[in-house]
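Lettering of chains follows the sequences in order, A, B, ..., and the numbering in each one begins at 1.
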Number of protein chains: 2
Amino acid sequence: MKSDTSLSKTEENYIKAIFKLSEKDDQPVNTNAISKSMSIAPASVTDMLKKLAEKELIHYEKYKGVRLSLEGKSVATQLIRKHRLWEVFLVNKLQFGWDQVHDIAEELEHIKSESLVNRLDTFLGNPKFDPHGDPIPNREGKFTLRNQTTLSTLVPGQTGILVGVREHSTPFLGYLNDLKIALGTELKLVERIEFDNSLKIEISQQQQTIITEKVGQNLFVKFK
Amino acid sequence: MKSDTSLSKTEENYIKAIFKLSEKDDQPVNTNAISKSMSIAPASVTDMLKKLAEKELIHYEKYKGVRLSLEGKSVATQLIRKHRLWEVFLVNKLQFGWDQVHDIAEELEHIKSESLVNRLDTFLGNPKFDPHGDPIPNREGKFTLRNQTTLSTLVPGQTGILVGVREHSTPFLGYLNDLKIALGTELKLVERIEFDNSLKIEISQQQQTIITEKVGQNLFVKFK
DNA sequence: GTATATTTTTAGATTATTCTAAAAATTGTA
DNA sequence: TACAATTTTTAGAATAATCTAAAAATATAC
Ligand SMILES: [Mn+2]
Ligand SMILES: [Mn+2]
Ligand SMILES: [Mn+2]
Ligand SMILES: [Mn+2]
């Protein structure tokens with residue numbers, strides 16, 4: 001049962017952090033993990049977990065970590081929907097670069113108006129992916145799945161199209177900008193260097209470069 | 001000298017309230033006036049005034065009311081700029097009604113990003129007025145002046161075009177919607193009823209209606 | 001399986017914003 | 001000018017979100 005419908009920005013940020021930490025494995029999320037991901041002291045996290053449990057947004061047992069309740073998952077999903085739709089707006093309509101929009105979207109996602117989100121969605125043409133290739137949940141919270149193959153798993157000679165990035169940091173996206181790599185760019189794995197698993201790639205059938213294994217693991221591609 | 005650049009949403013709301021209260025006469029604004037306009041207890045207002053004075057956003061002398069400093073005026077103007085640009089976005093791009101956008105804009109105005117506002121301005125085509133006919137300050141904070149003549153000052157037989165509304169409440173705007181009165185609508189003063197100064201008007205050369213004096217005073221018109 | 005290390009919670013404080021009640025200052029009135 | 005009414009400020013307290021330090025629980029290691 002949802003007791004209090006209106007959540008503070010702070011509460012929303014905790015919910016989102018917990019959601020992101022439990023995305024991969026569906027394991028309970030530890031206090032310390034939340035603390036680190038949000039840069040907030042563990043003691044403060046404990047306090048908030050009690051509060052969120054009280055509101056039935058999470059299932060919480062002392063010392064055992066937390067899981068989002070169905071209600072909590074829905075809150076998280078709607079926040080992610082808003083975040084990503086705003087990012088599309090900022091990039092497609094206001095001409096921001098994909099490396100400039102995260103922090104602004106981080107604020108915009110907390111504006112509470114269902115009709116605003118839905119009208120924005122319509123205005124943008126119901127996009128399925130955000131500027132980083134991340135899927136945008138629909139009104140019902142359903143995500144379109146994206147290819148999870150990374151460039152580093154291709155075999156030499158194989159070509160992929162960039163459909164998403166795992167890392168979202170400004171430095172990483174700026175680095176891709178410098179390499180003229182954007183969503184939709186054709187990337188061919190030319191050679192894997194044995195020594196350190198770094199990759200020689202060809203970008204848009206033009207320049208060749210070396211990227212580290214780590215970079216390769218952060219580039220999601222689909223087969224051409 | 002501006003000491004702390006970042007203001008809380010709360011501080012911003014006080015600055016805006018003080019600005020609006022001193023718009024007409026340039027007199028100092030009293031604690032009680034702020035208290036009433038914001039629905040916050042006078043004692044709380046006093047506390048905040050001390051804080052804003054500390055930050056040099058207002059000139060404050062105990063028991064004598066406050067005035068915005070130049071810095072404070074600039075903060076207020078930029079907030080109003082953001083508020084009105086967002087209202088234009090909501091109405092022109094997302095198809096909201098002019099009676100539905102104020103509260104959402106009240107939230108959006110607190111998003112802090114200079115490039116966001118300026119890009120939004122460009123995207124909207126640098127509008128000079130918002131959906132209620134209120135002037136939108138430019139980057140430098142300059143307002144385009146709008147005609148301040150109200151319908152109630154016309155002489156019978158005279159026609160005006162609606163260029164703005166003084167009241168912004170949802171009920172008032174909804175009432176105008178019902179009457180098919182919008183910005184740009186032609187309004188002819190047919191007759192002034194002596195008894196209570198109510199006005200018989202003709203809307204878009206079509207229906208005739210009676211409106212109260214109060215309504216007439218809330219409709220800004222320019223001569224046709 | 002005890003001792004040590006790590007994680008989590010509790011206790012006690014702090015800052016921002018708000019409140020009510022009471023005191024102080026100012027304003028209006030006769 | 002004196003008294004009353006009004007306005008404003010001060011005092012003391014509450015709530016939300018955070019912190020540090022210490023205690024308690026759990027996990028790891030030998
Ligand atoms: Mn983002
Ligand atoms: Mn994104
Ligand atoms: Mn408004
Ligand atoms: Mn407006």
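Of the two residues near DNA chain D, A:Tyr63 and A:Ala43, the one whose nearest nucleotide lies more 5' is A:Ala43. With DNA chain D read from its 5' end, the first of the two nearest nucleotides for A:Lys64 and B:Val45 is the one closest to B:Val45.
Residue A:Lys62 places none of its side-chain N or O atoms closer than 4.0 Å to OP1 or OP2 of D:dT26. Not one side-chain nitrogen or oxygen of A:Thr46 sits closer than 4.0 Å to the OP1 or OP2 atom of C:dT10. Proximity of B:Thr10 to the phosphate of C:dA16: no side-chain N or O atom is located under 4.0 Å from OP1 or OP2. Distances shorter than 4.0 Å separate none of the side-chain N or O atoms of A:Tyr14 from OP1 or OP2 on D:dA16. Contact annotation: A:Asn30 reaches the phosphate of C:dT8 (side-chain N/O to OP1 or OP2, under 4.0 Å).
Of the candidates D:dT8, C:dT9, C:dA21, D:dT8 carries the atom nearest the B:Asn32 side chain, counting heavy atoms from C-beta on. Of the candidates C:dT18, D:dT8, D:dA25, the closest approach to any side-chain atom of B:Ser44 belongs to C:dT18.
To the nearest angstrom, C1' of D:dT20 lies 15 Å from CD1 of A:Ile40. Across the protein-nucleic acid pair, A:Ile34 atom CD1 and C:dT7 atom P stand 14 Å apart, rounded to whole Å. Counting to the nearest Å, the P atom of C:dT18 and the NZ atom of B:Lys9 are 11 Å from each other. To the nearest angstrom, C1' of C:dT7 lies 12 Å from OH of A:Tyr60. Following rounding to the nearest Å, B:Glu61 (CD) and C:dA25 (P) show an atom-to-atom distance of 15 Å. Taking atom NZ of A:Lys36 as the reference point, atom P of C:dT6 lies 11 Å away to the nearest angstrom. Between the CD atom of A:Glu11 and the C1' atom of D:dT15 there is a distance of 12 Å, rounded to whole Å. Atom CG in B:Leu49 sits roughly 11 Å away from atom P in D:dT10 (whole-Å rounding).
In this structure a side-chain-to-backbone donor-acceptor pair under 3.5 Å is present from A:Arg67 to A:Asp26.
Here A:Ile15 contributes atom CD1 and A:Leu57 contributes atom CG; the two are 4.5 Å apart, rounded to the nearest 0.5 Å.
The aromatic rings of B:Phe19 and B:Phe143 sit parallel to each other, their planes meeting at less than 30°, with 60° as the upper class boundary. Taking the six-membered ring for Trp and thresholds of 30 and 60 degrees, A:Trp86 and A:Phe89 have ring planes more than 60 degrees apart, a perpendicular arrangement.
Judged by a 6.0 Å distance limit and a 45° cone about the ring axis, A:Lys93 is positioned over the six-membered ring of A:Phe123.
If you check every strand for non-hydrogen atoms under 4.0 Å, B:Lys50 touches sugar and phosphate atoms only.
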